[in-house]
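All values below come from the heavy atoms of this structure, side chains included, with hydrogens, waters and symmetry mates left out. We number each residue from 1, following the sequence as shown. Quick caveat, the model's predicted, so the values are computed rather than measured.
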Amino acid sequence: MPVGSVTLVPSMPDDDDKPKRTKSWREIDKQRDRGGSARKSERESERFQSSTKYTQYKTNLERLFSQGVASSALPEHLREKLGGEDDTERDEARKKLYAVEDPKAFHAAATEFLKKYPLPDDARLLDRLLGHPDDGIVDRALTRLEEMHRAGTLKVPPALSQRLASVEIESGDPALRRRAAELRKAIR
């Protein structure tokens, strides 16, 4: 350095210039612990249950039990309670109907199924029937869902709320729209 020159050194900020922490470390840690992981796991669970893989898993599991592999291991008195041979035919037809993915093919198959068999107590199938173009079938499916809800046996499928909302919007029957809205509010 040349003699006589002045060197400027940046000054360090005083401690008074720093913002003060208003929360204790304990409070900060509590906020981190509350991070919302429970809500995240609920969302992940809903997303998983509405996924195609989960639906395929459930269908395959039902197929396993319906083919007699798992049901043959049950005692005779329990097999009788589960249903006889005529129920097996209806259940097979119901499972085949549920496996139809194309909406137009599903609606045609559902119409044929309902000519032959009574409406099943399968909430997932009833949910899909709410999208049927025939208001009579939608009415029957909605009635069965309402009965199941009143009895406390309705296991709400993930898409049921949205399907009921679409019935509210798309149905030409005001009574059907009102009933769909009431059921949608009741299952929330």
**Prompt:** Between P118 and R90, which heavy-atom pair has the shortest distance, and what is it?
**Reply:** CD-CD, 4.3 Å
**Message:** If you define the side chain from C-beta out and look only at heavy atoms, does anything of R179 sit under 4.5 Å from D139?
**Reply:** yes
**Least distance between heavy atoms, R128 atom then L97 atom** = NH1-O, 4.2 Å
Could you tabulate the donor-acceptor pairs under 3.5 Å formed by side-chain atoms of residues 154-163, not counting sequence neighbours?
| from | atom 1 | to | atom 2 | distance (Å) |
| --- | --- | --- | --- | --- |
| R163 | NE | D127 | O | 3.1 |
| R163 | NE | D127 | OD1 | 3.0 |

**Rounded distance [0.5 Å steps], CG in L126 versus CD in E146** = 11.5 Å
**Request:** Measure the spacing between CZ of R150 and CG of L183 and express it to the nearest 0.5 Å.
**Result:** 9.5 Å
**Closest non-hydrogen atom pair, E89 against K116** = OE2-NZ, 4.5 Å
**Asked** How would you list, by chain and number, every residue that makes a ring-ring contact (aromatic ring centres under 6.0 Å, His included) with F106, sequence neighbours excluded?
**Response** none
**Asked** Is the shortest heavy-atom distance from the side chain of K96 to the side chain of F113 under 4.5 Å?
**Response** no
**Prompt:** Going by an N to O cut-off under 4.0 Å, is there a salt bridge joining K185 and E182?
**Reply:** no
**Prompt:** Under the side chain to side chain contact (heavy atoms under 4.5 Å, CB included) criterion, do Y117 and R94 qualify, and how do the steps go?
**Reply:** CA-CA 9 Å; Y117 304 105; R94 180 186 54 82; over 6 Å; no
**Fill in**
Heavy-atom closest pair (E27 atom, T22 atom, distance to 0.1 Å) is OE1-O, 4.4 Å
**Prompt:** Is any side-chain heavy atom of L129 closer than 4.5 Å to a side-chain heavy atom of R144?
**Reply:** no
**Complete:** L142 and A180 have their tightest heavy-atom pair at CD2-N, 3.8 Å
**Item:** Heavy-atom check, side chain of H132 versus side chain of T111, under 4.5 Å
**Value:** yes
**Fill in**
Closest heavy-atom pair, H149 versus A186, reported as atoms and distance to 0.1 Å, is NE2-CB, 3.5 Å
**Asked** Tell me, do L145 and I187 make a side-chain contact under 4.5 Å, heavy atoms counted?
**Response** no
